[in-house]
Novice: 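Can you keep this structure in mind? I'll have questions shortly.
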Amino acid sequence: MKKMRVQFLVFVYNKTQKLYRKYFKKKKRQWQFNEKQLLEFRKDSLGRKLGEFYKKHGFTMIPKMENHDVHHLITGCGTNFEDEIAMQFLLLGNGKLNAHLLAAIILGAVILPEYTKMYIKAYRKGQNMRVFHHLDFEELLWQNFEQVKNFFEQKQTPVLY
C-alpha cells in the first residue's frame, strides 16, 4: 500500500516539477558546471561532494534546481520520498515558503502520515539552522564542505547589548 502512495506522490512531483521551475525559478539561471566538472573540484570542497552525491545516487543535475541537491548535503536528508518530504518541512522551518513547498508538505503529511515524527523533527532542525534556503550555493562550491555544513548547522544567536 505504501508503494502505491509513494508512486502517486512521484507522479504528482513529475507533473509539477517543470511548472515549479517555470514559475518559481524564472529569474534563476542554470549553474555553469556539470556533474563531471564537479568531480574535478578539490577533494574536500562542496563542489566535489556534490559531484560525488550525483555519482553515488546516479542523479543528473536538474537545471535551476542545483541548490536543492546541496540542501541534501548540508542537512543530511536522504533521497527517498519520505526524506524529500522531510526536507520540505526542514526548509519550512528554515523560513522558506511558497505554494509548491506547501503542497509538498500537505500531500506528504496526508499520504505518508506514518512519518509525522520525522517531519516534525526536520521542521525543528530547520528552525535551529542558520537561514540558507535562499542562497545560491554555486558561489560556495570551492569552499571546504565540512566548514560550510558546520556553519549552517549553527543557529545564529542574537547579540544582546
Novice: Residues in salt bridge (Lys or Arg N to Asp or Glu O under 4.0 Å) with R124, at least two apart?
Specialist: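 Salt bridge (Lys or Arg N to Asp or Glu O under 4.0 Å) check on R124 returns nothing, list empty.
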Novice: How far does NE2 of H68 sit from SG of C77, to the nearest 0.5 angstrom?
Specialist: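 Output value for this atom pair is 9.0 Å.
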Novice: Please round to the nearest 0.5 Å and tell me the distance separating atom CD1 of I74 and atom CZ of F145.
Specialist: 8.0 Å
Novice: Taking side-chain contact (heavy atoms from CB on, under 4.5 Å) as the test, write out the residues that go with A104, two or more places apart.
Specialist: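 side-chain contact (heavy atoms from CB on, under 4.5 Å) list for A104, sorted by chain: Q88.
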Novice: Verify the cluster assignment for L135 and L92: are they in a single hydrophobic cluster under the rule of side-chain heavy atoms below 4.5 Å apart?
Specialist: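 Yes; L92 is reachable from L135 via cluster members.
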Novice: When rounded to the nearest 0.5 angstrom, what is the spacing between CD in Q30 and CD in E66?
Specialist: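 Atom-to-atom, Q30:CD and E66:CD are 6.0 Å apart.
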Novice: Which pairs count as salt bridge (charged side-chain N to carboxylate O under 4.0 Å, His left out) when at least one residue sits in residues 79-91, sequence neighbours excluded?
Specialist: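 Counting only pairs at least two positions apart or across chains, the salt bridge (charged side-chain N to carboxylate O under 4.0 Å, His left out) contacts touching residues 79-91 are K2-E82.
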Novice: Can you name the residues that form a side-chain contact (heavy atoms from CB on, under 4.5 Å) with L141, not counting sequence neighbours?
Specialist: W31, F33, L38, F41, L46, L50, E138
Novice: Quick check on the hydrophobic clustering: are V12 and I105 connected, directly or via other members, by side-chain heavy-atom contacts under 4.5 Å?
Specialist: yes
Novice: Any chance you could measure E153, atom CD, to E146, atom CD, to the nearest 0.5 Å?
Specialist: 8.5 Å
Novice: Using 0.5 Å steps for rounding, measure from the OG1 atom of T60 to the NZ atom of K55.
Specialist: 15.5 Å
Novice: Does E114 have any side chain to side chain donor-acceptor pair (under 3.5 Å) partners at least two apart in sequence or in another chain, and if so, which?
Specialist: R5
Novice: Of all heavy-atom pairs between M129 and L90, which one has the smallest distance, and what is that distance?
Specialist: SD-CD2, 4.3 Å
Novice: Where do A86 and A122 come nearest, in terms of heavy atoms and distance?
Specialist: O-CB, 3.2 Å
Novice: Using side-chain heavy atoms (C-beta onward) and a distance below 4.5 Å, is F151 in contact with Q147?
Specialist: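 With C-beta onward as the side chain, the pair stays apart.
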Novice: Side chain to side chain contact (heavy atoms under 4.5 Å, CB included), that's the test. Do Q154 and R130 meet it? Break it down for me.
Specialist: CA-CA 6 Å; Q154 300 169 9; R130 290 182 192 249; 3.7 Å; yes
Novice: Counting heavy atoms not belonging to K121, are there more than 12 under 6.0 Å from its NZ?
Specialist: no
Novice: Would you call N94 and Q127 a side-chain contact if the rule is heavy atoms closer than 4.5 Å?
Specialist: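 Side-chain contact under 4.5 Å: no.
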Novice: In terms of hydrophobic clustering (I, L, V, M, F, W, Y; side-chain heavy atoms under 4.5 Å; direct or indirect links), are L107 and M4 co-clustered?
Specialist: no
Novice: Check the orientation of H71 and F137. Use parallel for under 30°, tilted for 30 to 60°, and perpendicular for over 60°.
Specialist: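 Perpendicular.
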Novice: Is the closest side-chain heavy-atom distance between M87 and H72 below 4.5 Å?
Specialist: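 The answer is yes, as the side chains (C-beta and beyond) meet within the 4.5 Å cut-off.
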Novice: Any idea which heavy atoms bring F81 and L9 closest together, and the distance?
Specialist: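 Looking at all heavy atoms of both residues, the shortest contact is CE2-CB, 3.2 Å.
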Novice: Heavy atoms only: give me the nearest V131-H133 pair and the separation to one decimal.
Specialist: CG1-CD2, 3.7 Å
Novice: Give the intermediate values and the outcome of side chain to side chain contact (heavy atoms under 4.5 Å, CB included) for residues K64 and I62.
Specialist: CA-CA 6 Å; K64 301 183 178 186; I62 300 172; over 6 Å; no
Novice: Please round to the nearest 0.5 Å and tell me the distance separating atom CG of N144 and atom NZ of K149.
Specialist: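 Spacing of CG (N144) from NZ (K149) equals 12.0 Å.
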Novice: Would you say that Y123 contacts N128 through its side chain, given a criterion of any heavy-atom pair below 4.5 Å between the two side chains?
Specialist: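 No. Closest side-chain heavy atoms not under 4.5 Å.
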Novice: So, the side chain of D69 versus the backbone of M61: is there a donor-acceptor pair under 3.5 Å, distance only?
Specialist: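 Answer holds: no.
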Novice: Hey, can you tell me if Y115 and Y119 have their rings parallel, tilted or perpendicular (30° and 60° cut-offs)?
Specialist: tilted
Novice: Are W142 and L140 joined in one hydrophobic group, where the rule is that I, L, V, M, F, W and Y side chains link up if heavy atoms are under 4.5 Å apart?
Specialist: yes
Novice: Excluding sequence neighbours, so at least two apart, what forms side-chain contact (heavy atoms from CB on, under 4.5 Å) with E52?
Specialist: L39, R48, K49
Novice: I85 and F59: same hydrophobic cluster, using ILVMFWY side-chain contacts below 4.5 Å?
Specialist: yes
